[in-house]
Amino acid sequence: MVKTEKISNRTLVGVVGISVIVFLIYTFGGSEPYAANPEFDEPNFTELFIYLMYALIVGTLGACIWSFVRSLSLGNTGGTANRVPGGKVALITWGSFAASIVIGLVLGLGATDFRAADGTITEASWVTIVDMFMISMYILSAVLIVLVIASMAGVIASTNKVK
């Protein structure tokens, strides 16, 4: 395995492993009645779960920025890395992201104010933004699943033979 692939593989396994552990702690770690409204329960490890999400968002944002900068250098020269056309992959990736954001925004329009259990009201504009990103994540996750299945089934074949 190439050094980059080992790093990528270990990072993926580590992130998934940590996410699964935190999810299990969050799910089975018990809960207490919510102070502002005892009708609702609040899981004990909500803050741990939120901090994991912050860490994943920051890590993903950093990887996206690094990938974008790298793809610009590969795309401008028409170069490839390991026989993978970086410019085309970057164009398809960022195009898919932009399309999913636009679709999410259109589907999220018309949201109304949201009242939380503690009485806090979130403005409709913020609800629309959250809906936009949630719909975008669903779209990109579905595309990812289809591409992984297609790759595993041999529909998308790699020309790069790594020993």
Side-chain angles (χ1 to χ4, degrees), residues 1-72 81 84 86 89-90 92-153 156:
M1 215 183 252
V2 179
K3 181 180 179 183
T4 307
E5 288 180 31
K6 284 183 182 178
I7 293 170
S8 176
N9 188 16
R10 289 181 181 169
T11 302
L12 176 64
V13 169
V15 168
V16 169
I18 291 170
S19 298
V20 167
I21 290 169
V22 169
F23 180 74
L24 290 172
I25 291 171
Y26 173 79
T27 302
F28 299 111
S31 61
E32 296 176 9
Y34 187 59
N37 190 347
E39 263 181 58
F40 297 98
D41 284 341
E42 178 181 19
N44 290 332
F45 296 96
T46 302
E47 288 186 19
L48 175 65
F49 196 73
I50 290 172
Y51 289 136
L52 173 66
M53 293 302 110
Y54 285 149
L56 291 176
I57 288 169
V58 168
T60 302
L61 185 60
C64 284
I65 291 170
W66 178 81
S67 174
F68 182 70
V69 170
R70 180 146 167 84
S71 70
L72 286 178
V84 175
V89 170
I92 292 169
T93 302
W94 287 103
S96 300
F97 174 71
S100 71
I101 290 291
V102 170
I103 292 168
L105 180 62
V106 169
L107 292 177
L109 290 175
T112 58
D113 289 349
F114 177 79
R115 181 180 302 273
D118 65 354
T120 305
I121 297 176
T122 303
E123 294 178 21
S125 58
W126 286 110
V127 174
T128 299
I129 290 170
V130 169
D131 287 350
M132 173 187 70
F133 282 113
M134 291 298 294
I135 292 168
S136 175
M137 287 187 330
Y138 293 145
I139 291 169
L140 292 174
S141 295
V143 168
L144 176 67
I145 289 168
V146 167
L147 290 174
V148 167
I149 291 171
S151 176
M152 290 173 71
I156 303 172

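Quick caveat, the model's predicted, so the values are computed rather than measured. Values reported hereafter were calculated over all heavy atoms of this structure, with side chains retained and with hydrogens, waters and symmetry mates removed.
Side-chain contact between Leu48 and Leu52 is absent, with no heavy-atom pair separated by less than 4.5 Å. Inter-residue side-chain proximity for Leu140 and Leu144 is flagged as unmet; no heavy-atom pair is nearer than 4.5 Å.
The minimum heavy-atom distance linking Met132 with Ile101 is given by the pair CG-O, 3.5 Å.
Within the structure, ring-ring contact (aromatic ring centres under 6.0 Å, His included) contacts touching residues 10-29 (residues at least two apart or in different chains) are Tyr26-Phe49. Within the structure, every pair that satisfies the side chain to side chain donor-acceptor pair (under 3.5 Å) test and touches residues 97-109, not counting sequence neighbours, is listed here: Ser100-Ser136.
Looking at Asn44, its side chain does come within 3.5 Å of a backbone N or O of Gly29 through a donor-acceptor pair. When atom types are taken as modelled, the side chain of Asp113 and the backbone of Ala124 share a donor-acceptor pair closer than 3.5 angstrom.
When the options Val15, Val16, Ile21 are evaluated for a side chain to side chain contact (heavy atoms under 4.5 Å, CB included) with Ser19, the one that passes is Val15.
Under the ring-ring contact (aromatic ring centres under 6.0 Å, His included) criterion, Phe45 pairs with no residue, sequence neighbours left out.
Atoms CZ and CG, on Phe133 and Leu105 in that order, are 9.5 Å from each other to the nearest 0.5 Å. Summarising the geometry, atom CD belonging to Glu123 is positioned 12.5 Å from atom OG1 belonging to Thr112; distances are rounded to the nearest 0.5 Å.
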